[in-house]
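Taking it in order: structure first as structure tokens, then the write-up.
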Amino acid sequence: MSVHRFLSFVFILLIASAIPITAETCQPEFPFKNGWLGSDAAYSIPLNDGRSVWIFGDTLYGDKRIVVENEPRMVRNAIGISTCKGGKWDIEYVMRKNSSGQLIDFFQAKSPYWYWALDGFVKGEQLWVTLLCLRSVPNSGSFTLGFATCGTDLARVTGLEQDPQKWEVKIYPLVSDGVHAYPSATAVVDGDFVYIFALYEKGSRPMVLSRIPLSGLDKDPKASMQYLAKDGTWRAGFEPAKARHVMDKGNTEMTVRYHQGRKQWLAVMNDPQLETGNILLRTAPKLTGPWSDGQVIYTIPEMQKSHPSWDKDNFCYAGKEHPELREGNTILITYACNTRAVKKLETMPHIYFPKVVRLELPK
């Protein structure tokens, strides 16, 4: 093959994959190390310097997993910093420490509330992360169901060139409790706006769409917020009862990312009926839709009775894509599995950490 034809072939692959073709494409792993013993969520946000920030939910830590009276030893959120050099993957976990050296949530809410940190995006040298507020539900003995949502905030993280322990976090209020839809499920920058999807916790539990101009983030994100109304116009504020349902039957966690080769937006999410164990792919020409109903691209083996890891108490969720790790016509997704019998976390090290799958995109 001539050099010219070879370069043309590489260029075609570049367009098809929507990421740079490089020998440095990696396969992530999430080993237990440095006191990190598992977590869920696992959104990834590429930084401008080639690193990626991984956002983790409830994070187990210590020299071994410990559950006391149905409560695991954990922090409510943590992060990881990954690199991919020469095809070698590495990740360093970061759990914030207070002045006494005790581990605390990386993103801290005022007691008695806590944050699940979810998706994020980069604006210049700033990292922004969506924060879903949670509160305990009284008289609930279930670790997985003993909570309720109570609003959404946005975190601005600066000083990214420093040790992550020194990163500065400023939190901006976004949506207060009571509206039953909290923009946080996935965030993506397109043009001059960041678009944030929210699960509307009523009816069929559809997804609604909000946006904030990038120019308004540092001032007052809440004051600049808009939502997509039922008539297709953007209106000031956030009123989910008057918002267009851009997806029927949504999810609290998902990713929406653009695929340049397909000229489409790709949404990856668990089937809202978690018991199916299916991860769905939805596509749309625009963020506002129309979105396809959802095609099954993966069935989680741990949810199948024939699989060695199946357990009657287990459930799997948190399906999402990581576009910086696309390769050719494949995408890389993660998901997590948990257990309703919380004590089992101590003896089931094969669950409760991000599971990694590379999939061929459907034609």
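For clarity, every value in this text was computed on a predicted model and none was experimentally measured.
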Please evaluate residues Phe315 and Tyr317 with respect to the criterion ring-ring contact (aromatic ring centres under 6.0 Å, His included), reporting the C-alpha separation (whole Å), side-chain torsions for both, the decisive distance (0.1 Å), and the verdict. CA-CA 7 Å; Phe315 61 100; Tyr317 57 105; 5.4 Å; yes
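- Seen from the ring of Tyr227, Lys242 does not count as a face-on cation partner, given the 6.0 Å and 45° thresholds.
- Nearest heavy atoms, Pro240 versus Val179: CG-O, 3.4 Å.
- With no hydrogens or angles considered, no side-chain donor-acceptor pair links Ser204 and Asp248 at under 3.5 Å.
- Annotation: Glu69, atom CD; neighbour count of heavy atoms from other residues, nucleotides and ligands within 6.0 Å does not exceed 12.
- With salt bridges taken as basic N to acidic carboxylate O contacts below 4.0 Å, none links Asp190 and Arg257.
- With respect to Trp54, the ring pair (Phe, Tyr, Trp, His ring centres under 6.0 Å) criterion is satisfied by exactly one of Phe106, Phe30, Trp36: Phe30.
- Taking a cutoff of 4.0 Å between a charged side-chain nitrogen and a carboxylate oxygen, Glu92 and Lys33 qualify as a salt bridge.
- No salt bridge links Lys222 with Asp220; every basic N to acidic carboxylate O contact stays at or beyond 4.0 Å.
- A donor-acceptor contact closer than 3.5 angstrom is absent between the side chains of Trp114 and Asp58.
- A search for salt bridge (Lys or Arg N to Asp or Glu O under 4.0 Å) contacts involving Glu201 returns nothing, not counting sequence neighbours.
- Classification of Glu253 and Lys320 as a salt-bridged pair holds, one side-chain N sitting under 4.0 Å from a carboxylate O.
- Between Lys344 and Asp311, at least one side-chain N (NZ, or NE/NH1/NH2) sits under 4.0 Å from a carboxylate O, which counts as a salt bridge.
- Shown here are the side chain to side chain donor-acceptor pair (under 3.5 Å) partners of Asp271, two or more places apart in sequence or in another chain: Thr276.
- Thr283 and Trp291 form no side-chain donor-acceptor contact under 3.5 Å, judged by distance and modelled atom types alone.
- Side-chain N/O atoms of Gln126 and Trp128 include a donor and acceptor closer than 3.5 Å.
- Clustering of Ile, Leu, Val, Met, Phe, Trp and Tyr by side-chain heavy atoms under 4.5 Å joins Val357 with Leu266, Val268, Ile279, Leu281, Ile297, Tyr298, Ile300, Met303, Ile331, Ile333, Tyr335, Leu359, Leu361.
- Counting heavy-atom neighbours within 6.0 Å of Glu29 CD, excluding the residue itself, gives a total of 12 or less.
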Please report the C-alpha distance between Phe353 and Phe32 in whole Å, then the side-chain angles of each, then the deciding distance to 0.1 Å, and finally whether the ring-ring contact (aromatic ring centres under 6.0 Å, His included) criterion is met. CA-CA 9 Å; Phe353 62 91; Phe32 296 170; 5.7 Å; yes
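- Taking 4.0 Å as the cut-off between side-chain N and carboxylate O, Asp218 and Lys123 count as a salt-bridged pair.
- Side-chain contact between Trp116 and Phe147 is present, with at least one heavy-atom pair separated by less than 4.5 Å.
- The pair Glu168-Arg156 does not meet the salt-bridge criterion, since no charged nitrogen lies less than 4.0 angstrom from a carboxylate oxygen.
- Tested against Tyr200 for a side chain to side chain contact (heavy atoms under 4.5 Å, CB included), the candidates His180, Arg205, Met207 yield a single pass: His180.
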